[in-house]
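Values below: every heavy atom of this structure, side chains too, minus hydrogens, waters and symmetry copies. Bear in mind that the values here come from a model prediction, so they are computed numbers and not experimental data.
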Amino acid sequence: MRVIWMYGFCLVVWGLNFIAVKIQGTPVSLEVSLSYRLVGAALIFLVFAWGIRPTGQPSRKDVWPLVTFGVCNFALSYLCLYYATIWISAALVTLLFSLKTVLTPIALRIFLGDRLHPRILLGGVIGFTGVCILIYPLLEGSSSTTDLKGIGLALLGTVLTAVGDASSARNARHRINPIYSNSVGFVVAALLLLVICAFQGQSFHLPMSVSYLGALVYLTVVASFAAWMFYLKLVEEIGAALSSYMVALFPAVGGIASVIIGDSKPTLYLLFGCLLGCIGAAIALGVRLPSPRSVLPRRSYPALQGGAVETAAGAETERDRKIERHGTDHR
């Protein structure tokens with residue numbers, strides 16, 4: 001029951017990420033809003049790392065991979081996805097973001113030389129078909145430049161996330177503790193966003209509306225920290241592959257929530273677009289129905305290495321399976 005609760009918690013929290021961004025809105029610039037989130041998350045992780053002082057500290061040779069992880073996974077990708085969420089529906093952004101189940105393995109292949117399984121390409125074709133179905137009404141009607149820019153930024157943000165995932169996988173294979181990875185990543189991302197805000201001449205003030213503050217707390221504390229900690233514990237219990245299958249359901253969670261808040265209309269395009277997105281992500285991840293034995297708690301499984309939510313596709317290589325058997329894994 002505890003495993004099911006943790007799984008559902010992570011699925012819902014991360015599936016509603018872009019809904020929270022939509023609710024937060026733009027009472028201040030998106031750069032300022034993102035700066036608040038990144039600074040808050042960095043402080044939480046720094047305090048947490050200082051409190052527990054885990055092993056697996058990074059060395060000087062790990063500086064640039066950690067910087068790349070923070071810039072790509074937290075700073076630039078978040079900024080692109082924030083803008084995309086404001087310009088187009090959160091359901092479409094969630095569907096586009098689910099393509100990371102295909103783009104992350106491609107990035108792992110390019111940067112780390114991992115094997116690219118044929119099913120990933122099949123899942124990508126199906127997922128892309130779902131995106132096309134959801135985009136079709138925009139193209140058929142009077143689609144604005146804002147719609148096209150939103151779609152482009154969502155895709156760019158997803159590509160940047162995939163690059164960050166590859167950097168996270170590299171850090172994991174060098175046995176850097178994920179607490180340190182995320183601490184450094186959020187600090188780097190926060191500093192970059194503060195520099196961007198200063199360069200733009202942004203003024204910092206905190207809106208006091210319930211919707212803004214609620215969304216900010218949700219994104220900073222719940223999505224960026226609490227859900228991530230639950231995910232690490234979840235992977236200790238059931239392993240990386242089963243835990244990462246939740247990514248396949250993100251389009252469904254985002255689509256339903258988008259309809260509930262009135263951001264999207266309940267059309268057949270939305271239904272079949274999200275359905276194909278889920279199917280494509282599931283195929284890319286290699287989702288299989290677990291046997292009762294496979295979901296038993298694995299108490300001896302160590303805390304995983306990595307940063308943001310990644311796919312299990314990176315663990316499909318023989319090298320990663322060997323690493324997992326010897327007590328280290330990544331997500």
Side-chain angles (χ1 to χ4, degrees), residues 11 14-15 72-73 77 92 94-136 151 154-173 231 235 238-252 254-255 272-291 293-295 304-326 328-331:
L11 170 62
W14 281 327
C72 291
N73 238 336
S77 65
L92 180 52
T94 305
L95 182 58
L96 289 165
F97 186 72
S98 70
L99 293 177
K100 77 187 290 293
T101 57
V102 178
L103 295 175
T104 292
I106 293 175
L108 290 169
R109 171 62 181 174
I110 294 172
F111 296 108
L112 299 180
D114 287 4
R115 183 172 66 92
L116 190 62
H117 199 282
R119 73 159 187 277
I120 294 170
L121 300 179
L122 174 60
V125 170
I126 295 175
F128 183 74
T129 302
V131 171
C132 291
I133 290 175
L134 198 53
I135 292 177
Y136 177 74
I151 293 170
L155 286 172
L156 177 59
T158 306
V159 170
L160 289 170
T161 300
V163 175
D165 286 350
S167 180
S168 177
R170 179 269 174 201
N171 296 332
R173 295 174 191 183
Y231 185 84
V235 178
I238 64 175
L242 288 177
S243 299
S244 65
Y245 289 170
M246 70 178 69
V247 179
L249 296 176
F250 284 176
F272 285 104
C274 291
L275 179 62
L276 288 178
C278 291
I279 294 173
I283 292 175
L285 288 168
V287 172
R288 291 172 292 184
L289 293 177
S291 63
R293 185 177 180 180
S294 69
V295 297
L304 292 195
Q305 312 294 306
V309 188
E310 296 176 13
T311 67
E316 287 298 322
T317 64
E318 181 62 26
R319 174 174 56 181
D320 287 341
R321 287 194 291 271
K322 290 180 180 178
I323 290 174
E324 178 173 345
R325 287 196 295 268
H326 285 80
T328 329
D329 199 357
H330 70 275
R331 62 181 176 84

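The distance from atom CG of L99 to atom OG1 of T104, rounded to the nearest 0.5 Å, is 10.5 Å. Here the CD1-CG distance, from I106 to D114, works out to 12.5 Å after rounding to the nearest 0.5 Å. Of the inter-residue distances, the one linking I120 atom CD1 with L103 atom CG reads 10.5 Å to the nearest 0.5 angstrom.
Contacts of A282 classified as side chain to side chain contact (heavy atoms under 4.5 Å, CB included), with partners at least two apart in sequence or in another chain: A248, V287. I126 is linked by a side chain to side chain contact (heavy atoms under 4.5 Å, CB included) to L122, L276, I279, I283, counting only residues two or more places apart in sequence or in another chain. Judged as a salt bridge (Lys or Arg N to Asp or Glu O under 4.0 Å), and not counting sequence neighbours, R109 has no contacts.
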| query | side chain to side chain contact (heavy atoms under 4.5 Å, CB included) between D165 and L108: does it pass, once the steps are laid out? | reply | CA-CA 8 Å; D165 286 350; L108 290 169; over 6 Å; no
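The shortest heavy-atom contact between G277 and S98 is O-OG, 4.4 Å. Smallest separation of non-hydrogen atoms from P105 and K100: CD-O, 3.8 Å. Residue A166 comes nearest to F111 through the heavy atom pair CB-CD1, 4.1 Å, listed as atom of the first residue, atom of the second, then distance. Closest approach of F97 and T158 over heavy atoms only: CA-OG1, 3.5 Å. Residues L112 and A169 approach most closely at CD1-CB, 3.8 Å, considering heavy atoms. Here the closest non-hydrogen pair linking A281 and T101 is CA-OG1, 3.6 Å.
Of the candidates L134, L96, L95, L95 is the only one forming a side chain to side chain contact (heavy atoms under 4.5 Å, CB included) with P251.
Looking at heavy atoms from C-beta onward, M246 lies in side-chain contact with W14 at the 4.5 angstrom threshold.
For S77 (side chain) and N73 (main-chain N/O), a donor-acceptor pair under 3.5 Å exists by modelled atom type.
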